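Accompanying notes for the structure given below.
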Amino acid sequence: MSNDTPASTGMASKAVDWTLATVAAIGSFILMLKLGAFHATPPESLDGAWQAALQFAWLHDLQVGRDIVFPHGPYGAFYAQLYHPDLVGLWYAIRLSHAVVLAVALVWTLRVVAGPGLGWRVLACGLALLAAAALVPGPDGIWMLASFLLIGLAVDDRRAPPLLIVLLVAAIALATLAKFSFLVMGVTALIAWTVAAAFRRDPMALLAIPLYVAAIVLLWIGAGQELSGFADWVRVSFEVGSGYAAAMSLTSNRYDLAVYGALVVLLLLGVWVGFRTQSALAVKAIVVLGWLALFMFVAKAGFVRHDGHAVFPFEMAVVAAALVVAHGLPPHRGTGQLFALQTLVLVGAVGWLSVAHTRLTPSEHTIDRQIASRVVHAPALLLGIANDLLSQQGKAAHYRDYADKSRALLGGPHPRIASAASVDVYSYMIAPPILAGLPYHPRPVIQSYQSYMPALADRDVKEVRRTGAEVYVLQVGSIDNRPPLADGGHLWPEFLSLYNPVDQVPLGLVIERRAEPLTLETRKLVDGKNRYNSWIELPAPAPGTILQVKGGIRPTLLGRAFGLAFKPPQLTITLRRADGSEQIHRLVPGQLGAGFPVSPLMTTPQEVRALFEGEAAGAPVTAFRINAGRLQQAFWGSAFPLTVTEIHRPGQG
């Protein structure tokens, strides 16, 4: 069935129609480009640090999944909204082309899905603008958009234009190699659309997945990656993803999640009922299951976070609602109530997106003002790009300032750091050596907080033993109220064996690699089964000694099943200090499986240096317990193996 405007409308109507489409595409492009979000990064930034590392990896041909482990692919360097003087031209080329493709695909998809006729096409263009506007708050929705548009086409019985499918597949391939979660979403959408198209005997059903594979290969090789490394990246990303739900704390508003769930149920109902009568039951089932999977992945990415980013699931709800409503244009006889319900869902999604965003970011403008600001100021932003990037007051100046600050954090840099053949940082603050232009040599899991699974920890241990950086800067501390030494805690025995202290800089303690490793002396203090809520007494650690705890908490079958869709309940650990005070921290089971120092509690470079030099270091912990109520035990079991090992350098302790 053709989707062209009927000939009776005449050339004038066609001209108006395509003018509206062009305006919608331009507006969508401006909104999705998010001009002005391109920024320089303070060296203390957590997110800016991994973004800087991804750019470093691109510029130095590091292999993702081998040399660097992070849930982003090689094009994560361009997913990052981060200025780099050597990448700015390529960054804009990729982001501009991506934005153009998405803008065209968004308008085209809504026009294809909507019924024929000028009025309905005008309304479809308006829905496209609305969907694009919803994507303003965050970049993730923009990268996920192609997957939603492709599966939105699967709702319609008519064949989509082949060029539109090619554009969407190309956008999905680029998103795949930007962030692993987009791979999962993209493949889900591709499979759902391909199966539905195969039932309808659409020739593109045979080509979509081969086109996707070809695009992946070309983009992967174009990024300087070895073709054999793609499987490594996918495998490692699954390792990261397997511990993601338990590792990241939940700070999102549960009411938001309930509203999002209600919107999803209503949208899926609208998708199912809104199918044309000729759709086979199998087609309906596969498309609805594909939609459900996409919604689940978006909720996992948006609500199961450590930093409260709970807005962009609503962005995707707006996009999905726009697709469902457009599919009902014009409303068929007897479907008026359904169409009204779908429209209500769209209004609800837009409204709650605005409410949630305003509540989460009260200091910022509301969404409507953000949208208006971007549209009004877009011409000035476009004209001012070169000045902003090159002027003494623009991004280039900020980058130089942050490079100077990074050098100061590293002591000028310190002579030992400046002369080192390779430098790494034990912390999430890995940006300083990168911004300072030093020979950064990352361990595989680049930021300590993300080695939250034993398999990931083992990668770091092997790399540090084999070719670890010549100089490390140790900065103690954890995120999300984890125990102070839990992030990357498995590396402490390696540091004690392989490195010696040199000096302190503002960022932390400088240690240098020894010519020969020391054989550490160890003694098990606790070894056996343990139960929750029971105290484990510890001796005061001797000077120069750490007490390393390691346990095998594993999720139950219920915990594994629940973790697929959401996340299991959190566990906590209580530490009792020598003065009798207690402090409660969130416990990540995977970090316990990798092991971390439970005593003493070191918080300063001076205390860390004292440990290396065989002196008393930090506050001793006299007892600890792992806390779990009945609900938590249903997800994590009732007992688990636990060891506590005393570790010190020879002649100490």
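All values derive from a computational prediction rather than experimental measurement. Count residues from 1 along the sequence.
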Does the Arg400 side chain pair with the main chain of Lys395, one donor and one acceptor, at a distance under 3.5 Å?
no
Please examine the side chains of Met453 and Val240, heavy atoms only from C-beta on, and report whether any two atoms are closer than 4.5 Å.
no
Under a 3.5 Å distance rule, please check whether Glu607 uses its side chain to pair with a backbone N or O of Thr603 as donor and acceptor.
yes
Closest heavy-atom pair, Gly468 versus His441, reported as atoms and distance to 0.1 Å, is C-CD2, 4.1 Å
Spatial distance of atom CD1 (Ile430) from atom CD (Gln475) [nearest 0.5 Å]
12.0 Å
In Å, rounded to the nearest 0.5 Å, how long is the span from CD of Gln447 to CD of Gln450?
7.0 Å
For the pair Asn500 (side chain) and Arg514 (backbone), establish whether a donor and an acceptor sit closer than 3.5 Å, ignoring hydrogens and angles.
no
Evaluate the ring planes of Trp492 and Phe495, with Trp represented by its six-membered ring, and classify them as parallel (under 30°), tilted (30 to 60°) or perpendicular (over 60°).
perpendicular
I'd like to know if the side chain of Gln225 reaches the main chain of Leu62, judged simply by a donor and an acceptor atom lying under 3.5 Å from each other, with no hydrogens or angles considered.
yes
Going by atom types alone, do Ser228 and Arg66 pair a side-chain donor with an acceptor below 3.5 Å?
yes
Could you tell me whether the side chains of Trp143 and Tyr75 share a donor-acceptor contact shorter than 3.5 Å?
no
Determine yes or no for a side-chain-to-main-chain donor-acceptor pair under 3.5 angstrom, with Glu470 supplying the side chain and Asp424 the backbone.
no
Can you list the steps and then say if Tyr402 with Leu435 is a side chain to side chain contact (heavy atoms under 4.5 Å, CB included)?
CA-CA 7 Å; Tyr402 291 144; Leu435 296 176; 4.2 Å; yes
Could you tell me if the side chain of Pro432 sits less than 4.5 Å from the side chain of Glu44, heavy atoms only?
no
Evaluation steps, side chain to side chain contact (heavy atoms under 4.5 Å, CB included), between Val425 and Tyr472
CA-CA 5 Å; Val425 178; Tyr472 255 94; 5.9 Å; no
Report the distance from atom CG of Asp460 to atom NZ of Lys462, rounding to the nearest 0.5 Å.
11.5 Å
Is a side-chain N or O of Thr188 found less than 3.5 angstrom from the main chain of Val184, in a donor-acceptor match?
yes
Sub-3.5 Å donor-acceptor pair from the side chain of Ser406 to the main-chain atoms of Pro43, do we have one?
no
Kindly say whether Leu520 contributes a backbone atom to a donor-acceptor pair with the side chain of Ser497 at under 3.5 angstrom?
no
Out of Leu456, Val461, Asp458, which residue meets the side chain to side chain contact (heavy atoms under 4.5 Å, CB included) rule with His490?
Val461
Shortest non-hydrogen contact between Ala247 and Asp480, atoms and distance
O-OD2, 4.4 Å
Any chance the rings of Trp91 and Tyr83 have centres within less than 6.0 Å?
no
On a heavy-atom basis, which atom in Pro517 and which in Leu498 lie closest, and how many Å separate them?
CB-CD2, 3.5 Å
Modelled atom types, side-chain donor and acceptor of Arg443 and Ser448, under 3.5 Å:
yes
Hey, do the aromatic rings of Tyr428 and Trp50 have their centres closer than 6.0 Å?
no
Lys/Arg N to Asp/Glu carboxylate O, Arg649 vs Glu613, below 4.0 Å
no
Val505 and Leu409, any side-chain heavy atoms less than 4.5 Å apart:
no
Any heavy-atom pair between the side chains of Ile511 and Leu509 that's under 4.5 Å?
yes
Within the 4.5 Å heavy-atom criterion, are Asp47 and Gln51 side-chain neighbours or not?
yes
Sub-3.5 Å donor-acceptor pair from the side chain of Arg482 to the main-chain atoms of Val588, do we have one?
no
Could you tell me whether the side chain of His60 and the main chain of Phe56 form a donor-acceptor pair under 3.5 Å?
yes
Taking C-beta and beyond as the side chain, do Val234 and Phe180 meet within less than 4.5 Å on heavy atoms?
yes
On a heavy-atom basis, which atom in Phe70 and which in Ser237 lie closest, and how many Å separate them?
O-OG, 4.4 Å
Euclidean distance, Leu353 CG relative to Met316 CE, rounded to 0.5 Å:
10.0 Å
Phe148/Phe295 under ring pair (Phe, Tyr, Trp, His ring centres under 6.0 Å): CA gap, chis, key distance, verdict
CA-CA 9 Å; Phe148 271 80; Phe295 281 124; 5.8 Å; yes
Check: Asp487/Tyr452 side-chain N/O donor and acceptor closer than 3.5 Å
no
Do Ile546 and Phe596 make a side-chain contact, defined as non-hydrogen atoms from C-beta onward lying under 4.5 Å apart?
no
Start with the C-alpha gap between Leu592 and Ile573, add the side-chain angles, then the distance that decides, and say whether side chain to side chain contact (heavy atoms under 4.5 Å, CB included) holds.
CA-CA 10 Å; Leu592 182 67; Ile573 182 172; 5.9 Å; no
Here the pair of heavy atoms bringing Gly186 nearest to Ser147 is CA-OG, 3.3 Å
Side chains of Tyr440 and Ser422: any donor to acceptor distance under 3.5 Å?
no
d(Ser478 OG, Leu485 CG) to nearest 0.5 Å is 6.5 Å
How far apart are the closest heavy atoms of Gly489 and Tyr426, and which atoms are they?
N-OH, 4.1 Å
Between Arg513 and Val471, is the side chain to side chain contact (heavy atoms under 4.5 Å, CB included) condition met? List the steps.
CA-CA 6 Å; Arg513 197 170 183 92; Val471 168; over 6 Å; no
Could you tell me the separation between the CG atom of Leu174 and the CZ atom of Arg95, rounded to the nearest 0.5 Å?
9.5 Å
Given side chains that start at C-beta, do those of Ile172 and Met185 come closer than 4.5 Å, heavy atoms only?
no
